[in-house]
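So the structure is just underneath, and the comments pick up after that.
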Protein chains: 2
Amino acid sequence: MASPAIPDIIISRLPIYLRALTRMASEGQAITSSKDLGERLGISSAQIRKDLSHFGEFGKQGTGYQVAFLVEKLGQILKVKGEWEVALVGAGQLGTALARYQGFSHRGFHISVVFDIDPAKIGQWIGGYQILDQNEMPRILREQRIRLAMVAVPAGSAQAVADRLVEAGVKGILNYAPINLTVPNGVRVQYIDPVVHLQRMTYYL
Amino acid sequence: MASPAIPDIIISRLPIYLRALTRMASEGQAITSSKDLGERLGISSAQIRKDLSHFGEFGKQGTGYQVAFLVEKLGQILKVKGEWEVALVGAGQLGTALARYQGFSHRGFHISVVFDIDPAKIGQWIGGYQILDQNEMPRILREQRIRLAMVAVPAGSAQAVADRLVEAGVKGILNYAPINLTVPNGVRVQYIDPVVHLQRMTYYL
DNA sequence: TAGATTGTTAATCGATTAACAATC
DNA sequence: TAGATTGTTAATCGATTAACAATC
């Protein structure tokens, strides 16, 4: 009997828990509780316990959770114990900032290739990466079995890029282009659009 | 009698609708329907109609919605018809990319000031902005009545920056630092952390 | 032991969907 | 008119919360 699928909304909270717990660990905090973690995150303690209970029993009555142990477990659940290779498409302003960002490696990700379509950029170096020709992308992604990609191209080319990524076997796309992507079942897309986030706040002003 | 508060989950979808509709308009599409829009976004048509119905009747039976009219209405609802002034804190790699990003102005936002704490950066110019001393921030924000800010500083200083922003009257913070912020009621925070988004996908790989 | 906190159950709450009369 | 699509109601579905026995 297949275990029931875990709701996506629960999965989406786990990286937030992991981030907070990792910070606790770095601050020397050895033990936490659902109440403590919940207060930090603005989430109810019941929800945290319920979320975690889908994956096992990680705590101890009366005591709470070992921070290091929970970090370990969440890392396993999210499969970020090792390092995922990620392709970056688009070496413009934003792509360059992403290529230079130091925060990926300690949290389970590593940019392995950077692509652009502009002949003036191909061959140039940014953040330790030589920019490759986007036409080579399908071949290189297949060869390196890359399953994650970040898209930092103009909105007008994002869907075409996504189509080629999917063709090349990519299963997860982090899309920085301000446009919705259509992808087949089995492929996931996450969106980062600062304007959308800002607009989510102006309603309340 | 106060009208009942609109659930935040509905507000959070409106910018997505607006973005898709704006794109339709730019592609010359004059009319859409809840079915058409829903298919583009992977959302049910019923949900789109229900969401919009909280704010008025914007469509016509048998026909659908005028794209331009709906863009107008959503812009009003989200209060992004004019332009909001936004402060940017942190002029590092990411802050610089944000300062240079051209995509804010046509969607209701304008960066008016950029701050950093590093004496070597203060006074330098990036993307048309002269970097100001972060110590001047409270005074300048108050003077200019700025209510929105983007935080692109290291995680370790993000909470302190947020505290000062709140003190200075900021009501909405777009936080790029990979850490949860604690803010008083009445202040909103939105988070952008690429690693969180990537980790939300690796579970499924 | 007494106090604290877990994991889990049942109750509550809220969001989504299905369905359809109204009507363009 | 016939076909299409809205806005809305009621039903369904799913997520959150409250409560508590178990137990460290």
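Since the model is a prediction, treat every value here as computed from it, not as a measurement. Every chain is numbered from 1, with letters handed out A, B, ... down the list of sequences.
- Within residues 19-42 of chain A, the residues approaching DNA chain C are A:Ser33, A:Ser34, by heavy-atom distance under 4.0 Å.
- Among residues two or more places apart in sequence or in another chain, the side chain to side chain contact (heavy atoms under 4.5 Å, CB included) test is passed with A:Ser34 by A:Ser45, A:Ile48, A:Arg49, A:Tyr65.
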* Structure fact -> In B/S/- notation (B base, S sugar-phosphate only, - none; protein heavy atoms under 4.0 Å), nucleotides 15-24 of chain C written 5' to 3' is SSBBB--BBB
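- Straight-line distance from the CZ atom of B:Phe69 to the P atom of D:dT6: 14 Å, rounded to whole Å.
- Here B:Gln134 pairs with B:Val89, B:Phe115, B:Ile117, B:Met137, B:Val161 under the side chain to side chain contact (heavy atoms under 4.5 Å, CB included) rule; sequence neighbours left out.
- For A:Thr182, the side chain to side chain contact (heavy atoms under 4.5 Å, CB included) partners two or more places apart in sequence, or in a different chain, are A:Gln159.
- Among residues two or more places apart in sequence or in another chain, the ring pair (Phe, Tyr, Trp, His ring centres under 6.0 Å) test is passed with B:Tyr101 by B:Phe104.
- Between B:Glu57 atom CD and D:dT6 atom P the separation is 12 Å, expressed in whole Å.
- Taking the six-membered ring where the residue is Trp, A:Tyr129 and A:His110 present tilted rings, their angle falling between 30° and 60°.
- Protein atom CG of B:Leu52 is 16 Å distant from nucleotide atom P of D:dT5, rounded to whole Å.
- B:Phe58 places its CZ atom 8 Å from the P atom of D:dG7, with the value rounded to the nearest Å.
- For DNA chain D, each stem of at least three Watson-Crick or G-U pairs (distances under 3.5 Å) is given as range with range: C:3-24 with D:3-24.
- The side chain to side chain contact (heavy atoms under 4.5 Å, CB included) search around B:Glu72 returns B:Gln76, B:Lys81, not counting sequence neighbours.
- The ring pair (Phe, Tyr, Trp, His ring centres under 6.0 Å) check on B:Tyr17 picks up nothing, with sequence neighbours excluded.
- Scored by the side-chain hydrogen bond (donor to acceptor under 3.5 Å, both in side chains) test, B:Thr22 finds no partners at all (sequence neighbours excluded).
- For A:Tyr203, there are no ring pair (Phe, Tyr, Trp, His ring centres under 6.0 Å) partners two or more places apart in sequence or in a different chain.
- As rounded to whole Å, 17 Å separates atom P of D:dA4 from atom OH of B:Tyr65.
- Annotation: side-chain hydrogen bond (donor to acceptor under 3.5 Å, both in side chains) contacts of A:His54 (sequence neighbours excluded): none.
- Expressed to the nearest 0.5 Å, how far NE2 of A:His197 lies from CD1 of B:Ile192 amounts to 4.0 Å.
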